[in-house]
Amino acid sequence: MARVLTLTLNPALDLAIRTGPLRLGEVNRTQSTRLDAAGKGINVARVLARLGHDVTVSGLLGEDNETAFVRAFATCGLGDAFIRIPGETRINAKLSEPDGRVTDLNGPGPRVPPAALEALFERLESLLPGLDAVAISGSLPPGVTPSMLAELITRVRARQVPVWLDTSDAALVAGIAARPTGVKPNDIELAEWAGHPLDTPEAQLRAALRLNAEGIDDVLLSLGAEGVLWASRGEALAATPPRVSVMSTVGAGDTLLAGTLHGVLSGWTRERGLGFATALAAESVRHIGVGEPDAPDFEQLLRATHVRDLSTDPHTGETHP
Ligand SMILES: Nc1ncnc2c1ncn2[C@@H]1O[C@H](COP(=O)(O)OP(=O)(O)OP(=O)(O)O)[C@@H](O)[C@H]1O
Ligand SMILES: O=P(O)(O)OC[C@@]1(O)O[C@H](CO)[C@@H](O)[C@@H]1O
């Protein structure tokens with residue numbers, strides 16, 4: 001069991017809505033709705049706790065609607081180190097249609113007062129001793145700049161604690177410049193950093209290896225139903241998930257990151273860890289919420305997940321060390 005801290009600067013109450021095919025501009029009748037305490041780092045924490053790790057969650061939480069979060073932290077056994085800020089945590093709507101299409105409507109989040117950020121930096125310093133890993137996930141709310149995110153990464157690295165980052169846009173660019181241990185972009189997010197589309201496996205591999213060369217040890221590139229590319233210090237693996245029927249992809253990336261971290265923290269080979277994480281992410285898309293390692297058919301999902309080494313795989317058309 002490892003000690004992990006996840007930081008969610010912009011958590012959310014996820015309103016998951018299942019509908020028939022969406023008719024924009026009309027009245028749509030829903031099949032079900034569900035409201036869950038979420039946000040990327042909290043999702044990562046849920047999975048890691050389920051896998052037996054000692055997990056603390058922190059970040060910035062609106063004090064006016066915290067009840068669902070406090071209850072979820074207690075139910076999942078997560079240590080609550082969130083800094084409270086005035087106002088309400090945002091509500092993000094997630095619309096799932098029968099064909100598996102998911103539409104996310106994500107809010108900006110409440111404005112963060114400077115004093116809350118100072119408190120967060122202080123809280124971080126007190127939490128860092130003894131940690132095995134930190135994951136910083138999600139967007140930045142108003143009042144938190146990309147350079148503040150970079151500073152958080154720098155502080156964690158200064159204590160020799162591995163830090164993984166999953167964010168997008170300017171925050172991803174600034175975060176990468178601060179050299180976290182690992183990053184988990186999807187192909188669109190990595191393309192923004194690269195400055196050009198990454199629409200072939202070769203372009204994706206080149207971009208991931210470039211990040212390795214620039215000092216990011218681990219690049220976990222998620223590619224939706226296509227699977228995952230994991231470039232680690234210049235050596236790349238690719239995983240293909242099993243075919244599953246999709247209900248909601250929300251939280252699949254968080255499940256993938258948590259599963260990968262679980263492998264790293266457990267001292268598994270990278271092949272084993274990536275296979276596990278990919279199978280768990282596939283499990284997650286079959287329902288609303290993060291992946292369930294206790295799913296009765298999880299062994300079958302694992303067996304149907306394929307991991308290959310791209311350094312030796314002739315199909316990539318690449319030769320690299
Ligand atoms: N249809 C699918 N079938 C099987 N596995 C899937 C499917 N969609 C996603 N996955 C798995 O989940 C991982 C993460 O998905 P994706 O690339 O969509 O992440 P993301 O864009 O970070 O999503 P989010 O930010 O909503 O969590 C993929 O790399 C893949 O392993
Ligand atoms: O707006 P962000 O912070 O980029 O993403 C937030 C979010 O979409 O990410 C999670 C899924 O990964 C959801 O629980 C949450 O609503």
Side-chain angles (χ1 to χ4, degrees), residues 6-17 34-47 59-60 68-69 72 89-96 99-109 135-142 144 149 165-172 175 183-192 198 204 219-230 237-260 274-291 301 304-307:
T6 74
L7 284 181
T8 315
L9 301 170
N10 205 5
L13 284 166
D14 278 359
L15 177 61
I17 304 171
R34 202 174 111 176
L35 194 63
D36 283 306
K40 291 189 193 300
I42 293 172
N43 296 341
V44 170
R46 282 179 188 269
V47 179
L60 303 158
F69 290 91
T89 293
R90 62 190 170 149
I91 297 177
N92 288 346
K94 314 286 174 179
L95 306 170
S96 298
D99 64 358
R101 184 168 76 157
V102 178
T103 304
D104 288 57
L105 296 169
N106 288 7
I136 306 180
S137 301
S139 59
L140 307 182
V144 181
L149 172 70
L165 176 68
D166 177 9
T167 188
S168 51
D169 305 313
L172 178 63
V183 288
K184 202 253 22 108
N186 61 29
D187 47 338
I188 296 163
E189 291 158 352
L190 193 59
E192 279 163 19
L198 299 176
Q204 290 158 358
V219 180
L220 190 65
L221 176 60
S222 68
L223 301 165
E226 302 291 307
V228 192
L229 172 72
W230 184 5
L237 300 175
T240 311
R243 201 178 280 273
V244 291
S245 66
V246 180
M247 180 186 290
S248 169
T249 51
V250 177
D254 308 326
T255 300
L256 177 73
L257 175 56
T260 305
L274 183 59
F276 174 83
T278 306
L280 194 56
E283 200 293 314
S284 77
V285 307
R286 304 188 299 183
H287 53 81
I288 288 164
V290 292
L301 292 177
T305 300
H306 299 287
V307 177

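In each ligand, atom 1 is the first atom listed, and ligand 1 is the first ligand listed. Numbers here simply count residues along the sequence, with the first being 1.
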Is any side-chain heavy atom of [Y] closer than 4.5 Å to one of [X]?
X: V290; Y: L280; value: no
X: R90; Y: S139; value: yes
X: R34; Y: I288; value: yes

Give yes or no for whether the N/O distance cutoff of 3.5 Å, strictly under, is met between [X] and ligand 1.
X: P242; value: no
X: V285; value: no
X: K184; value: yes
X: G224; value: yes
X: S222; value: yes

Identify, for [atom], the protein heavy atom at the shortest distance, and state residue, atom and that distance.
atom: atom 25 (O) of ligand 1; result: K40 NZ, 2.8 Å
atom: atom 2 (P) of ligand 2; result: S139 OG, 3.4 Å
atom: atom 8 (O) of ligand 2; result: K94 NZ, 2.7 Å
atom: atom 11 (C) of ligand 1; result: A281 CB, 3.7 Å
atom: atom 10 (C) of ligand 2; result: N43 ND2, 3.6 Å
atom: atom 12 (O) of ligand 2; result: D254 OD2, 2.7 Å

Sub-4.0 Å atoms of ligand 2 with respect to non-hydrogen atoms of [X]:
X: G138; result: 3 (O)
X: N106; result: 1 (O), 2 (P), 5 (O), 6 (C), 7 (C), 8 (O)
X: G39; result: 14 (O)
X: R90; result: 1 (O), 2 (P), 3 (O), 6 (C)
X: A38; result: 14 (O)
X: N92; result: 6 (C), 15 (C), 16 (O)

- Using a cut-off of 6.0 Å, state whether more than 12 heavy atoms not belonging to L35 lie near its atom CG.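 Buried by this count: over 12 neighbours within 6.0 Å.
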Is a donor on one side and an acceptor on the other found under 3.5 Å between the side chain of [X] and the backbone of [Y]?
X: T89; Y: A12; answer: no
X: T260; Y: A277; answer: no
X: R101; Y: S96; answer: no
X: D36; Y: A38; answer: no
X: T8; Y: I42; answer: yes
X: T255; Y: G291; answer: yes

- Message: Please compare G253, A279, G259, A225 and report which has the shortest non-hydrogen distance to atom 14 (C) of ligand 1.
- Response: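 Minimum heavy-atom distance to atom 14 (C) of ligand 1 goes to G253.
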- Compare D104, D14, L9 and give the one whose heavy atom is closest to atom 16 (O) of ligand 2.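 The residue whose heavy atom sits nearest atom 16 (O) of ligand 2 is D14.
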Does [X] reach ligand 2 with a nitrogen or oxygen that is under 3.5 Å from one of the ligand's nitrogen or oxygen atoms?
X: N10; answer: no
X: S168; answer: no
X: A12; answer: no

Which heavy atom of [X] sits nearest to which heavy atom of [Y], and what is that distance?
X: G275; Y: T305; answer: O-CG2, 3.7 Å
X: E189; Y: K184; answer: OE1-O, 4.2 Å
X: L198; Y: Q204; answer: O-NE2, 3.0 Å
X: N106; Y: N92; answer: CA-OD1, 3.2 Å
X: A68; Y: L13; answer: CB-CD2, 3.8 Å
X: A37; Y: A72; answer: CB-CB, 3.9 Å

I'd like to check which ligand 1 atoms, numbered from 1 as shown, lie under 4.0 Å from a non-hydrogen atom of [X].
X: N186; answer: 21 (O)
X: A252; answer: 12 (O), 14 (C), 15 (O), 27 (O)
X: V244; answer: 3 (N), 4 (C)
X: G227; answer: 28 (C), 29 (O)
X: V246; answer: 1 (N)
X: P241; answer: 4 (C), 5 (N)
X: V228; answer: 29 (O), 31 (O)

- From CA spacing to verdict: side chain to side chain contact (heavy atoms under 4.5 Å, CB included), L149, V144: CA-CA 8 Å; L149 172 70; V144 181; 5.6 Å; no
- For ligand 1, which part of L223 has a heavy atom less than 4.0 Å away: the side chain, the backbone, both, or neither?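 For L223, only backbone atoms sit under 4.0 Å from ligand 1.
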- ligand 1 versus R243, non-hydrogen atoms closer than 4.0 Å: side chain, backbone, both, neither?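 None of R243 does.
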- Verdict with supporting geometry, I136 and T167, side chain to side chain contact (heavy atoms under 4.5 Å, CB included): CA-CA 8 Å; I136 306 180; T167 188; over 6 Å; no
